[in-house]
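Take a look at the structure below.
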Amino acid sequence: MGRGAIVSGDGAVTGRWETVGWCGLRLSVPGDWHPAGMDRGHLAFEGDTGAVMALKWVPSRGRGPLGGRLARIRRGFPREVRRTLRETVLPRSWREALAGNFEPADLTDAAAFRWSDLVGGGEGLVIRGGRSGRDRRVFLLLFHGGGASPGADIPKILSSFKSGARQGRVLWAVFDIQAWVPEAFRLVRHRFVPGAFGLTLAARRETLRLHRWGPASVLLRNRSLGAFAADRFGISRQGLSEDPNGPAVEWIDRPAAHGGLRRLSSLFSSMRRGRAWHVAGCDKILAVQVEAGRLPDEDRFMALCAAFHCLPPAGPRPGAALDGQLPEGPTDPKQGLKPWKDE
């Protein structure tokens with residue numbers, strides 16, 4: 001996640017905030033929040049005392065005021081909480097914060113609400129936004145009061161909330177990794193466990209894999225970077241080449257084929273081009289691998305590598321693990337909300 005500070009009108013720094021990018025969304029959150037759950041249609045955060053915020057999104061298939069969606073949203077809450085959920089007027093501070101990134105018609109159709117529970121309840125927002133066509137989505141934002149999601153922070157979060165690509169690229173930024181990736185790529189799999197982060201993205205017949213391992217000082221203590229990459233990616237040491245400009249190795253690999261039919265099938269199999277490098281300032285190893293029938297040219301591949309960074313010194317808390325093939329529908333079991341859709 002990108003790091004920075006929020007500065008108030010009188011120039012005072014109000015605390016460290018971090019930029020998060022996930023599935024085409026970008027927003028800033030307080031620095032002591034961390035991702036607690038994510039998939040193609042949801043992103044949840046926790047603070048020191050528990051859940052603080054959750055987002056859900058689905059493609060937009062309708063138009064008009066979104067207040068009618070509250071009945072569907074209400075059904076996603078635990079039974080004892082449903083009866084407490086009430087629609088409220090969209091706060092003026094929220095409307096002003098959203099105005100820079102949402103059309104006036106989207107603000108008019110938005111609906112705000114509150115609920116109560118044993119840990120303090122919370123407030124939320126459902127709003128439609130994004131560019132025309134398939135990029136239009138309905139967003140559900142939940143702010144949990146009991147988890148120290150102070151109302152004063154909500155306008156700051158909303159003012160940073162954006163959807164869609166910037167100059168044809170989408171930001172992926174969680175924990176200590178950050179990458180600007182062409183917008184055509186969609187999330188297939190994610191893995192965030194202590195010491196090993198991974199994102200698998202796909203666009204048509206091309207697959208992009210982003211990896212981050214650490215600490216590098218331990219992983220490379222008794223072996224070279226080339227040996228580490230060969231082991232992790234299943235490639236031969238002979239296929240590796242060292243970068244004379246720094247601690248990095250590269251490879252181009254096509255699956256081996258023997259015999260007539262296998263040689264024929266190899267013509268249609270994916271080739272792999274990859275690069276792994278040691279970032280001493282973060283004590284991490286980063287790697288990019290592209291798999292496709294036709295590999296990207298030198299400039300495009302190196303641009304993908306140059307857009308992938310790690311930011312010291314963050315990472316998941318000890319024992320945290322977010323790992324798995326993504327389900328078909330957005331789920332958020334940690335927040336007690338069922339999958340939902342826009343109709």
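Residues Ile154 and Trp94 have side chains in contact (heavy-atom distance under 4.5 Å, counting atoms from C-beta outward). In this structure, the side chains of Ser28 and Val20 stay at 4.5 Å or more apart for every pair of heavy atoms. Counting only heavy atoms from C-beta outward, the side chains of Cys23 and Trp57 approach each other to under 4.5 Å.
Classification of Asp109 and Arg128 as a salt-bridged pair holds, one side-chain N sitting under 4.0 Å from a carboxylate O.
The distance from atom CZ of Arg189 to atom CG of Leu199, rounded to the nearest 0.5 Å, is 11.0 Å. The CE atom of Met271 sits 8.0 Å away from atom CG of Asp253, with the distance rounded to the nearest 0.5 Å. Going from atom CD1 of Ile127 over to atom CD of Glu103 covers 10.5 Å, rounded to the nearest 0.5 Å. Here the CG atom belonging to Leu25 is positioned 7.5 Å from the CG atom belonging to Leu43, to the nearest 0.5 angstrom. The distance from atom OG1 of Thr207 to atom CZ of Arg204, rounded to the nearest 0.5 Å, is 14.0 Å. Taking CD of Glu250 as the start and CD of Glu242 as the end, the distance is 11.0 Å to the nearest 0.5 Å.
In this pair, His190 and Phe192 present their aromatic rings tilted. The plane angle is within the 30 to 60° band. The aromatic rings of Trp251 and Phe233 sit tilted, their planes meeting at an angle between 30° and 60°.
The shortest heavy-atom contact between Pro296 and Val290 is CD-CG1, 3.7 Å. The heavy-atom pair separating His42 from Trp22 by the smallest distance is O-NE1, 4.1 Å. Shown here for Arg275 and Ala248, the closest heavy-atom pair between the two residues is NH2-CB, 3.6 Å. Residues Glu46 and Ala36 approach most closely at CG-CB, 3.4 Å, considering heavy atoms. Looking at every heavy atom in both residues, Arg273 comes nearest to Leu295 through CB-CD1, 3.7 Å. Contact detail for Trp213 and Ala287: the closest heavy-atom pair is CZ3-CB, 3.8 Å.
Criterion: ILVMFWY side-chain heavy atoms under 4.5 Å apart, direct or through other members. Under it, Val174 and Val288 are part of a common hydrophobic cluster. Ile235 and Trp277 sit in two unconnected hydrophobic clusters of ILVMFWY residues. Membership requires side-chain heavy atoms under 4.5 Å apart, directly or through other members. Following chains of ILVMFWY side-chain contacts shorter than 4.5 Å, one cannot reach Val249 starting from Phe301, and the two form parts of different hydrophobic clusters. Cluster membership check: Met302 does not share its hydrophobic cluster with Leu225, using side-chain heavy-atom separations under 4.5 Å among Ile, Leu, Val, Met, Phe, Trp and Tyr. Residues Leu286 and Leu201 share a hydrophobic cluster, clusters being chains of Ile/Leu/Val/Met/Phe/Trp/Tyr side chains in contact below 4.5 Å.
Using a distance-only test at 3.5 Å, with no hydrogens or angles considered, no donor-acceptor pair links the side chain of His34 to the main chain of Gly31. Remark: the backbone N or O of Leu304 is not paired with any side-chain donor or acceptor of Trp180 at under 3.5 angstrom. Lys284 places a side-chain N or O within donor-acceptor distance of the main-chain N or O of Cys282, the cut-off being under 3.5 Å. Of the possible polar contacts, none joining the Asp283 side chain to the Pro215 backbone as a donor-acceptor pair under 3.5 Å is found. Proximity of a side-chain donor or acceptor of Arg26 to a complementary backbone N or O of Gly164 within less than 3.5 Å is detected. Checking side-chain atoms of Arg205 against main-chain N and O of Ala202 turns up no donor-acceptor pair under 3.5 Å. In this structure, the side chain of Thr84 engages the main chain of Ser116 through a donor-acceptor pair within 3.5 Å.
Dense packing is recorded around CD of Glu96, with more than 12 heavy atoms of other residues, nucleotides or ligands lying under 6.0 Å away. Heavy atoms from other residues, nucleotides or ligands lying under 6.0 Å from CG of Asn222 number 12 at most.
With sequence neighbours left out, the side-chain hydrogen bond (donor to acceptor under 3.5 Å, both in side chains) criterion links Arg232 to no other residue. Scanning for ring pair (Phe, Tyr, Trp, His ring centres under 6.0 Å) contacts around Phe308 gives an empty result, with sequence neighbours left out. A search for side-chain hydrogen bond (donor to acceptor under 3.5 Å, both in side chains) contacts involving Arg209 returns Thr200, Glu291, not counting sequence neighbours.
The ring-ring contact (aromatic ring centres under 6.0 Å, His included) with His144 is formed by just one residue from the set Trp33, Trp115, Phe45; it is Trp115. When Arg294, Arg272, Arg300 are each tested for a salt bridge (Lys or Arg N to Asp or Glu O under 4.0 Å) with Glu206, only one passes: Arg300.
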Exercise. Carefully, step by step, assess Arg136 and Asp106 under the rule salt bridge (charged side-chain N to carboxylate O under 4.0 Å, His left out).
Key: CA-CA 11 Å; Arg136 293 282 289 172; Asp106 296 331; 3.0 Å; yes
Quiz item: What's the verdict on side-chain contact (heavy atoms from CB on, under 4.5 Å) for Phe113 and Leu125, showing C-alpha distance, side-chain angles and the deciding distance?
Solution: CA-CA 6 Å; Phe113 55 93; Leu125 168 72; 5.6 Å; no
Exercise. Take Arg212 and Asp176 through the salt bridge (charged side-chain N to carboxylate O under 4.0 Å, His left out) test and state the conclusion after the steps.
Key: CA-CA 9 Å; Arg212 168 272 205 205; Asp176 66 351; 2.9 Å; yes
Quiz item: Can you list the steps and then say if Leu208 with Val181 is a side-chain contact (heavy atoms from CB on, under 4.5 Å)?
Solution: CA-CA 9 Å; Leu208 173 64; Val181 175; 3.8 Å; yes
Self-check item: Stepwise side-chain contact (heavy atoms from CB on, under 4.5 Å) test for Leu158 and Leu141
Solution: CA-CA 10 Å; Leu158 296 179; Leu141 295 86; 3.8 Å; yes
Practice problem: Evaluate the side-chain contact (heavy atoms from CB on, under 4.5 Å) criterion for residues Trp17 and Lys156: first the C-alpha distance (whole Å), next the side-chain angles of each, then the deciding distance (0.1 Å), finally the verdict. | Solution: CA-CA 10 Å; Trp17 283 52; Lys156 298 176 187 177; 3.5 Å; yes
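For the pair Arg223 and Phe228, the cation-pi test (distance below 6.0 Å, angle within 45°) is failed.
Looking only at atom types and distance, the side chain of Ser163 has a donor-acceptor partner in the side chain of Arg137 under 3.5 Å away.
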